[in-house]
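This report concerns only the one structure given below.
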Amino acid sequence: MRSVILAIESSCDETSASVIVNGKVLNNIIATQSVHQKYGGVVPELASRAHQQNIVVVVDEALQSAGILKTDLSAIAFTRGPGLMGSLLVGVSFAKGLSLGLKIPLIEVNHMQAHVIAHFIADPKPNFPFLCLTVSGGHTQIVLVRDHLDMEVIGQTQDDAVGEAFDKAAKVMGLPYPGGPLIDKYAKDGNADAFRFPETVMPGLDFSFSGIKTAFLYFLRDEKRKNPSFVEDNLNDICASVQQHLVNMLITRLVQASEKTGIKDIAIAGGVSANSGLRKSLKETGNKRAWNVFIPAFEYCTDNAAMIAMAAYYKFIRGEFCGLDVVPLARMPF
Ligand code: KG4
Ligand code: ZN
């Protein structure tokens, strides 16, 4: 049976739509909200208003560029959670309206599962079972993936996400939001061994990033007392050192997860997987340990509707639909 699915992503600050036909993603339209930049982080109220403004335009562009009419659609998919409630509500309500108007089924998608499923949009695709390190502004998880829709979180952060640690470190250095990509940029010309930071070690395969956030704040405060232009004088070295510290925390746990499960197919997903230090370290560790490493294209690392479309396709072929009474979930387990 031919399947034509329109997918909508609105969990945080990107409004995105994608069309997938018979399991092949045709496009991935993304409207990024710049309104948050001057506030140093995502402002939930502004995010939901921007989704309201963007969603019709983004959906129309996805349908038009795919050459698809609304009447061609077999189903509508949307991100149910996790995410910001006001943002999720826009996508969920829009999808419900289309489903009702077009009399076609609705498919709910878990955003974190979709980050993992992004690996199936393009080749090379990992073999099951594989491990996926999902790292974003809101999440840090090691996921054991048994099948497209059968996943288990085997390690996760007990407090902040690694993306938040990157962004907070950048913020205290006076860099604009989101600071993760800027740390990555300055780190390229820095000495990663210039400065050392303490590490909080959690039991099992879990992570903690709140300690490094505070330690970094005090480190800068103490250094600036000695030299007020410490950050300006050492920006590249500070960025390289903090990036290496965060990347090492991730890689250490990934190595332990691989040893514990015996799995050597290792993938990364989420916004922080765009980090060049993480990519390099993962490839080096992979070479040493004979891992098959999978890193998605940048476009599919950060929040996007193509990953929602891909996950929706696997639900569609299993006949997994939801009712019009479905509600968004700010927290949504697998
Ligand atoms: O997955 P994502 O787009 O949104 C969610 O949080 O769901 O991830 C955004 C996060 C931000 O914290 C951003 O600073 C971080 O990913 N990020 C990076 C890089 N690119 C994006 N962090 C470090 N290095 C990068 N190159
Ligand atoms: Zn995300």
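In this text, all values refer to a predicted model and were calculated from it rather than measured experimentally.
Two residues are said to be in side-chain contact when any heavy atoms from C-beta on lie closer than 4.5 Å; Cys12 and Val42 meet this criterion. Side chains of Ile5 and Ile76 form no contact here, defined as non-hydrogen atoms less than 4.5 Å apart. Two residues are said to be in side-chain contact when any heavy atoms from C-beta on lie closer than 4.5 Å; Glu259 and Val255 meet this criterion. Under the 4.5 Å side-chain criterion, counting only non-hydrogen atoms from C-beta, Leu329 is not in contact with Met85. You'll find the side chain of Gln141 reaches within 4.5 Å of the side chain of Phe334, heavy atoms only. Contact check for Lys96 versus Leu324: side-chain heavy atoms found under the 4.5 Å cut-off. In this structure, the side chains of Phe216 and Phe197 come closer than 4.5 Å at one or more pairs of heavy atoms. The side-chain heavy atoms of Leu89 and Ser48, taken from C-beta on, include no pair separated by under 4.5 Å.
Nearest heavy atom pair, residue Ser87 against residue Ala47, reads OG-CB, 3.5 Å. The two residues Ile212 and His245 come nearest to each other via the heavy atoms CD1-CD2, 3.6 Å. Summarising the geometry of Pro82 relative to Leu88, their closest heavy-atom pair is C-CD1, 4.3 Å, with the distance given to 0.1 Å. Between Arg253 and Asp206, the shortest heavy-atom contact is NE-O, 2.7 Å.
For Arg279, there are no salt bridge (charged side-chain N to carboxylate O under 4.0 Å, His left out) partners two or more places apart in sequence or in a different chain. For the salt bridge (charged side-chain N to carboxylate O under 4.0 Å, His left out) test, residues two or more places apart in sequence or in another chain that qualify with Asp160 are Lys213.
Lys280 NZ: 12 or fewer foreign heavy atoms inside a 6.0 Å radius. Within 6.0 Å of atom NZ in Lys260, 12 or fewer heavy atoms from other residues, nucleotides or ligands are found, so the atom counts as exposed in its surroundings. Counting non-hydrogen atoms of neighbouring residues, nucleotides and ligands closer than 6.0 angstrom, the CZ atom of Arg331 reaches no more than 12 such neighbours.
For the residue pair Thr15/His51, the side-chain donor-acceptor check at 3.5 Å is satisfied. His111 and Glu9 form a side-chain donor-acceptor contact under 3.5 Å, judged by distance and modelled atom types alone. Under 3.5 Å, the side chains of Asn28 and Glu299 contain a donor-acceptor pair of N or O atoms. Side chains of Asn227 and Ser229: a donor-acceptor N/O pair is present below 3.5 angstrom, by distance only. For the 3.5 Å distance criterion, the side chains of Ser258 and Trp291 qualify, holding a donor opposite an acceptor. Side chain to side chain, Ser208 and Gln158 fail the donor-acceptor criterion of an N or O pair below 3.5 Å.
Remark: the backbone N or O of Arg289 is paired with a side-chain donor or acceptor of Lys264 at under 3.5 angstrom. For Ser136 (side chain) and Gly138 (main-chain N/O), a donor-acceptor pair under 3.5 Å exists by modelled atom type. Using a distance-only test at 3.5 Å, with no hydrogens or angles considered, a donor-acceptor pair links the side chain of Gln244 to the main chain of Ala192. Side chain of Ser93 to backbone of Val90: no donor-acceptor contact under 3.5 angstrom is found. In terms of modelled atom types and a separation under 3.5 Å, the side chain of Thr140 and the main chain of Thr157 share no donor-acceptor contact. Formation of a donor-acceptor pair under 3.5 Å by the Asp147 side chain with backbone atoms of Leu149 is not found in this model. When atom types are taken as modelled, the side chain of Asn191 and the backbone of Asp193 share a donor-acceptor pair closer than 3.5 angstrom. Between the side chain of Asn304 and the backbone N or O of Thr302 there is at least one donor-acceptor pair closer than 3.5 Å.
The aromatic rings of Phe207 and Phe209 lie parallel to each other, with less than 30° between the two planes, well short of the 60° mark. Classification of the His148-Tyr314 ring pair by plane angle, with boundaries at 30° and 60°, yields parallel. In this pair, Phe120 and Phe128 present their aromatic rings parallel. The plane angle is below 30°, not in the 30 to 60° band.
With respect to Lys224 and Asp233, no salt bridge is recorded, no charged nitrogen being found less than 4.0 Å from a carboxylate O. Using a 4.0 Å cut-off between a side-chain N of Lys or Arg and a carboxylate O of Asp or Glu, Lys288 and Glu284 do not qualify as a salt bridge.
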Q: Would you please test Phe321 and Phe316 for ring-ring contact (aromatic ring centres under 6.0 Å, His included) and show each step?
A: CA-CA 7 Å; Phe321 303 112; Phe316 183 90; 5.8 Å; yes
Q.
Ile154 vs Leu131, test: side-chain contact (heavy atoms from CB on, under 4.5 Å). Steps then yes/no.
A. CA-CA 9 Å; Ile154 58 170; Leu131 295 177; 3.9 Å; yes
Q | Working for side-chain contact (heavy atoms from CB on, under 4.5 Å), residues Ile142 and Gln156 | A | CA-CA 6 Å; Ile142 299 177; Gln156 61 189 320; over 6 Å; no
Q: Using the side-chain contact (heavy atoms from CB on, under 4.5 Å) rule, take Asp265 and Phe294 through it: C-alpha gap first, then chi angles, then the decisive distance, then the call.
A: CA-CA 8 Å; Asp265 276 36; Phe294 299 89; 3.8 Å; yes
(Q) Would His119 and Cys132 count as a side-chain contact (heavy atoms from CB on, under 4.5 Å) here? Give the steps. (A) CA-CA 10 Å; His119 285 279; Cys132 185; 4.1 Å; yes
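When the options Ile266, Leu133, Leu250 are evaluated for a side chain to side chain contact (heavy atoms under 4.5 Å, CB included) with Leu282, the one that passes is Ile266.
With hydrophobic clusters built from ILVMFWY side chains whose heavy atoms lie under 4.5 angstrom apart, Met112 shares a cluster with Ile117.
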